[in-house]
Amino acid sequence: HFGSVHKAKKMIEQAKKAGADVIKFQHHLPDEEMLPNVPKSDNFDESLYDFLKKNALKLKDHNILKDYCRKLNITYLCTPFSYQAAQELMTLDVCGFKIGSGELSDHPTIKKISEFKKPILLSTGMSTENEIQKTYSILKNTNIEFGLMNCLSEYPPNYEDLNLKYILKMKKKFL
């Protein structure tokens with residue numbers, strides 16, 4: 001959407017048309033997440049910090065999109081990339097949170113977000129089994145609903161890397 005509410009609304013419409021029940025956005029507060037002078041990746045023309053400063057949706061945008069989702073009868077979900085982002089999303093009365101795999105080991109933030117008593121979905125794509133186990137153990141003691149998602153943080157993924165059978169292992173270990 002590159003920060004465009006209009007484009008994000010079109011994404012919601014297309015997701016609904018495709019039969020999706022939920023659409024997920026991201027709430028970035030770059031100054032809470034990273035240092036501004038981190039060198040850019042060789043694959044990009046600008047730093048992630050600069051990209052997010054320019055293209056991240058603002059809280060008012062998320063509010064518009066959440067209302068639009070309600071109008072189209074599709075659930076709005078969002079990934080906060082900091083505790084402050086989660087606090088802001090709570091003002092919108094979100095139904096829950098999705099935590100990205102890069103933040104799965106940020107236990108202090110996950111613990112604080114769990115205090116909102118909202119369900120949490122956790123991506124595991126960039127995590128080791130030990131890291132998943134630690135986060136699982138923390139959330140198991142919170143009495144909130146949560147789910148682990150077998151993810152691959154490779155876009156687009158190579159078929160050989162999918163490892164879908166890991167879902168069976170996760171079910172045995174974490175159910």
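Bear in mind the structure is a predicted one, so any value in this text is a computation, not a measurement.
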Worksheet item: Does a side-chain heavy-atom distance below 4.5 Å link Glu129 with Lys173?
Response: yes
Practice prompt. Give, for atom OG of Ser127 and atom CD of Gln133, the distance between the pair rounded to the nearest 0.5 Å.
Written response: 12.5 Å
Worksheet item: For Leu92, does its backbone N or O pair with a side-chain atom of Lys66 as donor and acceptor, under 3.5 Å?
Response: yes
Worksheet item: Is Tyr68 linked to Val22 within one hydrophobic cluster, defined over Ile, Leu, Val, Met, Phe, Trp and Tyr using a side-chain heavy-atom separation of less than 4.5 Å?
Response: no
Worksheet item: Do Leu57 and Met11 share a hydrophobic cluster (ILVMFWY, side-chain heavy atoms under 4.5 Å, transitive)?
Response: yes
Item to complete: Please say whether more than 12 non-hydrogen atoms of neighbouring residues, nucleotides or ligands are located less than 6.0 Å from NZ in Lys117.
Response: yes
Worksheet entry | Straight-line distance of Ile113 CD1 to Met90 CE, nearest 0.5 Å | 10.5 Å
Discussion item. Do His62 and Thr91 make a side-chain contact, defined as non-hydrogen atoms from C-beta onward lying under 4.5 Å apart?
Written reply: no
Worksheet item: Okay, side chain of Asp161, backbone of Pro157: is any donor-acceptor separation there less than 3.5 Å?
Response: no
Worksheet entry | Lys98 and Ile120: CA distance, side-chain angles, deciding distance, side-chain contact (heavy atoms from CB on, under 4.5 Å) verdict | CA-CA 6 Å; Lys98 191 262 183 190; Ile120 295 176; over 6 Å; no
Discussion item. For a salt bridge (Lys or Arg N to Asp or Glu O under 4.0 Å) check, start with the C-alpha distance between Glu46 and Lys54, then their side-chain angles and the critical distance, and finish with the verdict.
Written reply: CA-CA 11 Å; Glu46 63 186 327; Lys54 187 169 42 176; 3.2 Å; yes
Item to complete: Can you establish whether the number of heavy atoms outside Lys58 located under 6.0 Å from its atom NZ is more than 12?
Response: yes
Fill in: Distance (rounded to the nearest 0.5 Å) between Thr109 OG1 and Gln84 CD
11.5 Å
Worksheet entry | For Gly125 against Ser101, the heavy-atom pair lying closest together | N-CB, 3.3 Å
Fill in: Leu104 versus Ile110, closest heavy-atom pair with distance
O-CD1, 3.2 Å
Worksheet item: Side chains of Glu32 and Tyr83: do they bring a donor and an acceptor to under 3.5 Å?
Response: no
Fill in: Side-chain heavy atoms of Asp21 within contact of Thr75, under 4.5 Å
no
Response to the item:
On a heavy-atom basis, the closest approach of Gln26 and Cys78 is C-SG, 3.6 Å
Worksheet item: Got a second to check how far Ile99's CD1 is from Ser114's OG, nearest 0.5 Å?
Response: 9.5 Å
Worksheet entry | Flag, side chain of His28 to backbone of Pro30, donor-acceptor distance under 3.5 Å | no
Discussion item. Regarding Arg70 and Asp67, does a basic nitrogen lie under 4.0 Å from an acidic carboxylate oxygen?
Written reply: yes
Worksheet item: How many angstroms lie between OG in Ser105 and CD1 in Ile132, if you round to the nearest 0.5 Å?
Response: 9.0 Å
Worksheet item: Quick one: do the His107 and Thr135 side chains pair a donor with an acceptor below 3.5 Å?
Response: yes
Discussion item. Does Lys24 have more than 12 heavy atoms from other residues, nucleotides or ligands lying within 6.0 Å of its NZ?
Written reply: yes
Worksheet entry | Test item: Asn63 side-chain N/O and Leu59 main-chain N/O as donor-acceptor pair under 3.5 Å | no
Worksheet entry | hydrophobic_cluster_shared for Ile167 and Tyr159, side chain cutoff 4.5 Å | yes
Worksheet item: Does one hydrophobic cluster hold both Val5 and Ile23, with members joined at side-chain heavy-atom distances below 4.5 Å?
Response: yes
Discussion item. Out of the candidates Phe116, Phe25, Tyr76, only one should pair with Leu89 under the side chain to side chain contact (heavy atoms under 4.5 Å, CB included) rule; please name it.
Written reply: Tyr76
Worksheet entry | Side-chain touch Leu152/Asn163, heavy atoms, less than 4.5 angstrom | no
Worksheet item: Say you draw a straight line from CZ of Phe146 to CG of Leu122; how long is it, rounded to the nearest 0.5 Å?
Response: 7.5 Å
Worksheet item: Are Ile74 and Phe97 connected in a single hydrophobic cluster, I mean Ile/Leu/Val/Met/Phe/Trp/Tyr linked by side-chain heavy atoms less than 4.5 Å apart?
Response: yes
Worksheet entry | Under 3.5 Å: donor-acceptor pair, side chain of Lys16, backbone of Asn73 | yes
Fill in: Check against salt bridge (Lys or Arg N to Asp or Glu O under 4.0 Å), Lys112 and Asp106
CA-CA 10 Å; Lys112 288 175 80 171; Asp106 182 357; over 6 Å; no
Discussion item. Can you confirm whether Val94 sits close enough to Leu77 that some side-chain heavy atom of one is under 4.5 Å from a side-chain heavy atom of the other?
Written reply: no
Item to complete: Determine whether Leu148 and Tyr136 make a side-chain contact, defined as any pair of heavy atoms from C-beta on separated by less than 4.5 Å.
Response: yes
Worksheet item: Which heavy atom of Ser123 sits nearest a heavy atom of Met149, and at what distance?
Response: OG-CE, 3.6 Å
Response to the item:
Nearest heavy-atom approach of Asn150 to Leu164 is ND2-CA, 4.2 Å
Discussion item. Does any part of the side chain of Leu48, heavy atoms only, come nearer than 4.5 Å to the side chain of Met34, both counted from C-beta?
Written reply: yes
Discussion item. With a sphere of 6.0 Å drawn around CE of Met170, does it hold more than 12 non-hydrogen atoms of other residues, nucleotides or ligands?
Written reply: yes
Worksheet item: Looking only at atom types and distance, does a side-chain atom of Glu33 sit under 3.5 Å from a main-chain N or O of Leu29, one as donor and one as acceptor?
Response: yes
Worksheet item: Between Glu131 and Lys134, is the closest basic N to carboxylate O distance under 4.0 Å?
Response: no
